[in-house]
Amino acid sequence: MVNLRTPLNWLHYVICLLGVAPVYAALALPAQIALPLALLGGISADRQQRTVIPDRGATLASLIFFIFYGWQVSFVNLIDPVINILALLIAIRLLGAKSGRHLLQNYTLALFSLAASALLKLDASFLSYLILMVFAIAVSLVLLTYVEADEKMRLSAAEFRKIITVALLMPGIALLLMLAFFVILPRTQYPLWNFLNPGGTSKVGFSEEVRPGTVSNLAETRTPVFRAKTMELPKEDLYWRGIVLSQLEGNNWKRLPEVPGTTPDIRGGRAVAVTVYPELNDRRYLFALDVPGQISGIRAARDAEGVLTLHRTPRKRFFYEIVSHIGATLKAPVRADRWLQVPENISPRIVNLAQQLRAAGATDDQRFAALVNYFRTAKFSYSHRDLPRGPDPVAEFLFERKTGYCEFFASSFALLARLIDIPARLVGGYYGGNYNDLGGYYLVSEDQAHVWVEVLLSGEGWRRFDPSTLAVNATTELLAERGSGQSLAQRLADAADYFWQRAVIVYDFDRQMTLLLATGRNLRALRPQLKKPATATVLMVLGGLGMIVVSGYWRGTRHRAHPLLRAYLRSVARRYPAAVLPPRCGLTELAEAVNDPRCQRFADIYGGAFYRDRLLTREEREALREIIAQLKSAQN
């Protein structure tokens, strides 16, 4: 026999865990400590059938926590206090009484906690937590109904399995309806609660300025930046262009506010279609394989340097499609001095080196070859640690430490190029990406942020050149690091998140309308193929009749006891014609009204089956028929 209180208690623990698990990492330390202790204390107290905190104590503790964290609530600090309040209220309820009212309170708190987690991070795991919680709460509510009627109710294993099966069917059907409603219900243009979750601010990785020498060690983070769906490409083609920096002030490379021309003049290259799904952040720059061409799917500006910018900071997730031209060159409208500008007070050592390189030849190609050869033979090392931080970090990199990362390589290379009259600029973005063959896309993260150089040689357009690849350890430190693969589990998890974003997060009103219009077109296209409409009509009618027959059989099976009930009620009415019965009275009330032990026995047998959602056994039906027969014989 199964004591229903035991599975009900465990479902209560599971529901609480599902509610707080998504927000646990964001909780304050007191809440992080209180929750597991409360869970263990609650389990121990339930096994001993006692309560750790009485109702008054629980109410007082709830008020204290509510006031303490409620005082911290403001428009800019709303989520953290709220999730701490919810977590601590759940912890108090775990240690308190476990009546039906208390369990329902904790289920509500857990649901609110799970909903609040969506304001922190809305990824595929949220759907998993939600589905598990819906099933757990549905089963728990069914068990709670029985326990409320009889606290010590026990059922056989077969009866318990039947109840669980029926309880699991309800949320299963509800989830199918939720899926249908998700597709067809009108979507809002912008998420209603998005103002509480405007997206993260990137503090490491890609930057709109390049300033070598500002840190001694570069922190890395593998926070995803975007996913790009395209074919698998050679690693040397995976340069994701984001920003062009042409102005040099001291050691600081910045973006010029005005760029000649309005659209890029792209020459050559191999066209590749890419669909990019960015993570939500506060940047206005879009990333695309170098060199980006036509963009669609979102309103963005594209200038002559191939830089794509949004008109305003994005407030919701989006995606865009772009055609990139791998291996192409960008033609410059003029050979302007803006790309030869250098700051004052350049280190004499750098000027002397530039003079030596200039002496290598009179043409751009000869001087450029000399510059490349210098970087190839100077034995520079690529590293993110122990970086130059002196007053002139570029000179320190070139002549002393000879160790740095991409900003040092690109800054020094571009500066020397300008000093030998070769127009040069820096391009910032990302290099590499982990290809997920399960989803057919590249995952690009912040640790793959990169800076390279573009030079303008006579008779050519802007040519991409990455001086970091000339480091003596580039193969092991740069190329190997950025080509590191993911395990199967990591690829599965990331693919799930990728499809979650495609199917749910970016499913907005525009995509909904596109889907509906496409469905309408497909249905109209199918109409001519239905050459025998009469056949389709007959099939539909037969299907409807079949459903009616199955439904009737099901209803007849489920309510097989109704004829006995009707016969019983007729017999009682004839046996006790003078009895005054309350309207809509139940079988027990009827038995009490006529004060007949045979009626009470009928109520016990019939109610025992009906309220346990099971059919009458053969013995029970025979017993009920015997009671009806006795009532009929008594009339005579």
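Start at 1 with the first residue, then count along the sequence.
- Asp466 and Tyr239 share a side-chain donor-acceptor pair at under 3.5 Å.
- A donor-acceptor pair under 3.5 Å is formed between the side chain of Arg284 and the backbone N or O of Leu310.
- Within the model, atoms CD of Gln247 and CD of Glu209 stand 10.0 Å from one another, a figure rounded to the nearest 0.5 Å.
- Ser411 contributes a side-chain N or O that, together with a main-chain N or O of Glu407, makes up a donor-acceptor pair within less than 3.5 Å.
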* Do Val323 and Val272 pass the side chain to side chain contact (heavy atoms under 4.5 Å, CB included) test, and can you show the C-alpha distance, the side-chain angles, and the key distance before you say yes or no? -> CA-CA 6 Å; Val323 177; Val272 175; over 6 Å; no
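- A donor-acceptor pair under 3.5 Å is formed between the side chain of Ser324 and the backbone N or O of Leu289.
- Here the side chain of Asn84 pairs a donor or acceptor atom with the backbone of Ala28 at under 3.5 angstrom.
- In terms of heavy atoms, Phe408 sits closest to Gly404 at CD1-CA, 3.9 Å.
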* To do: Mind running side chain to side chain contact (heavy atoms under 4.5 Å, CB included) on Tyr285 and Val307 for me, showing each step along the way?
  => CA-CA 8 Å; Tyr285 293 97; Val307 176; 3.8 Å; yes
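- Between the side chain of Thr230 and the main chain of Ala273, a donor-acceptor pair closer than 3.5 Å is present.
- In this structure, the side chains of Ser140 and Tyr107 come closer than 4.5 Å at one or more pairs of heavy atoms.
- Checked against Leu245 for a side chain to side chain contact (heavy atoms under 4.5 Å, CB included), the options Val451, Leu426, Leu256 give a single hit: Leu426.
- Closest approach of Asn251 to Leu248, counting heavy atoms only: C-CD1, 4.0 Å.
- Residues Phe126 and Pro22 are not in side-chain contact: their nearest non-hydrogen atoms beyond the backbone lie 4.5 Å or more apart.
- Residues Ala38 and Leu94 share a closest heavy-atom pair of O-CB, 3.8 Å.
- The distance between the ring centers of Tyr277 and Phe226 does not fall below 6.0 angstrom.
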* Could you walk me through whether Leu35 and Leu17 pass side chain to side chain contact (heavy atoms under 4.5 Å, CB included), step by step? => CA-CA 9 Å; Leu35 273 170; Leu17 286 174; over 6 Å; no
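- In this pair, Phe380 and Phe375 present their aromatic rings tilted. The plane angle is within the 30 to 60° band.
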* To do: Start with the C-alpha distance between Leu286 and Arg241, add both sets of side-chain angles, then the distance that settles side chain to side chain contact (heavy atoms under 4.5 Å, CB included), and finish with yes or no.
  => CA-CA 8 Å; Leu286 301 179; Arg241 190 185 191 89; over 6 Å; no
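- No donor-acceptor distance shorter than 3.5 angstrom exists from the side chain of Asn436 to the backbone of Gly440, with no hydrogens or angles considered.
- Of the listed residues (Val20, Leu27, Leu88), just one forms a side chain to side chain contact (heavy atoms under 4.5 Å, CB included) with Ile83, and that residue is Leu27.
- Residues Glu446 and Tyr430 have side chains that bring a donor and an acceptor to within less than 3.5 angstrom of each other.
- Side chains of Asp290 and His325: no donor on one and acceptor on the other come within 3.5 Å.
- Among all heavy-atom pairs drawn from Pro292 and Ala288, the shortest one is CB-CB, 3.7 Å.
- In this structure a side-chain-to-backbone donor-acceptor pair under 3.5 Å is missing from Trp253 to Ser246.
- Between Arg464 and Glu454 there is no salt bridge, since none of the side-chain N atoms of the basic residue sits less than 4.0 Å from a carboxylate O of the acidic one.
- By the 4.5 Å heavy-atom criterion applied to side chains, Val142 and Val166 are not counted as neighbours.
- Between the side chain of Thr108 and the backbone N or O of Asn106 there is no donor-acceptor pair closer than 3.5 Å.
- Under the 3.5 Å distance criterion, the side-chain polar atoms of Tyr441 are left unmatched by any main-chain donor or acceptor of Val276.
- Side-chain atoms of Ser117 come within 3.5 Å of backbone N or O of Leu114 as a donor-acceptor pair.
- To the nearest 0.5 angstrom, Tyr129 atom OH is 11.0 Å from Ser113 atom OG.
- Taking the charged nitrogens against the carboxylate oxygens, Glu279 and Arg227 do have a contact shorter than 4.0 Å, which makes a salt bridge.
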* What do the steps show when you test Trp452 against Tyr431 for ring-ring contact (aromatic ring centres under 6.0 Å, His included), and what is the final call? -> CA-CA 9 Å; Trp452 59 94; Tyr431 171 56; 7.9 Å; no
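- Relative orientation of the Tyr405 and His384 rings is perpendicular, given thresholds of 30° and 60° on the angle between their planes.
- For the pair Arg267 and Asp265, the salt-bridge criterion is met [side-chain N within less than 4.0 Å of a carboxylate O].
- Side-chain contact check for Trp240 versus Gln448: every heavy-atom pair is 4.5 Å or farther apart.
- For the residue pair Ala116 and Leu86, the shortest heavy atom distance occurs at CB-CD1, 4.5 Å.
- A distance of 12.5 Å separates OG of Ser128 from CE of Met133, quoted to the nearest 0.5 Å.
- Here the CD1 atom belonging to Ile43 is positioned 5.5 Å from the OH atom belonging to Tyr13, to the nearest 0.5 angstrom.
- Of all heavy-atom pairs spanning Pro388 and Pro393, the tightest one is CB-O, 3.8 Å.
- Between Val427 and Ile243, every side-chain heavy-atom pair lies at or beyond the 4.5 Å cut-off.
- For Phe112, the CZ atom sits in a loose shell: 12 or fewer heavy atoms of surrounding residues, nucleotides or ligands are nearer than 6.0 Å.
- Within the 4.5 Å cutoff, the side chain of Leu144 has heavy atoms near those of the Leu8 side chain.
- Using a 4.0 Å cut-off between charged side-chain N and carboxylate O, Glu321 and Lys229 make no salt bridge.
- Between the CZ atom in Phe287 and the CD1 atom in Ile322 there is a gap of 12.0 Å [rounded to 0.5 Å].
- The shortest distance between side-chain heavy atoms of Val453 and Pro467 falls below 4.5 Å.
- Within the 4.5 Å cutoff, the side chain of Tyr442 has heavy atoms near those of the Leu238 side chain.
- Here the NE2 atom belonging to His12 is positioned 7.5 Å from the CD1 atom belonging to Ile15, to the nearest 0.5 angstrom.
- Counting only N and O atoms by type, the side chains of Gln105 and Arg93 include a donor and acceptor under 3.5 Å apart.
- Glu305 has a carboxylate O that lies under 4.0 Å from a charged side-chain N of Arg255, or vice versa, which qualifies the two as a salt bridge.
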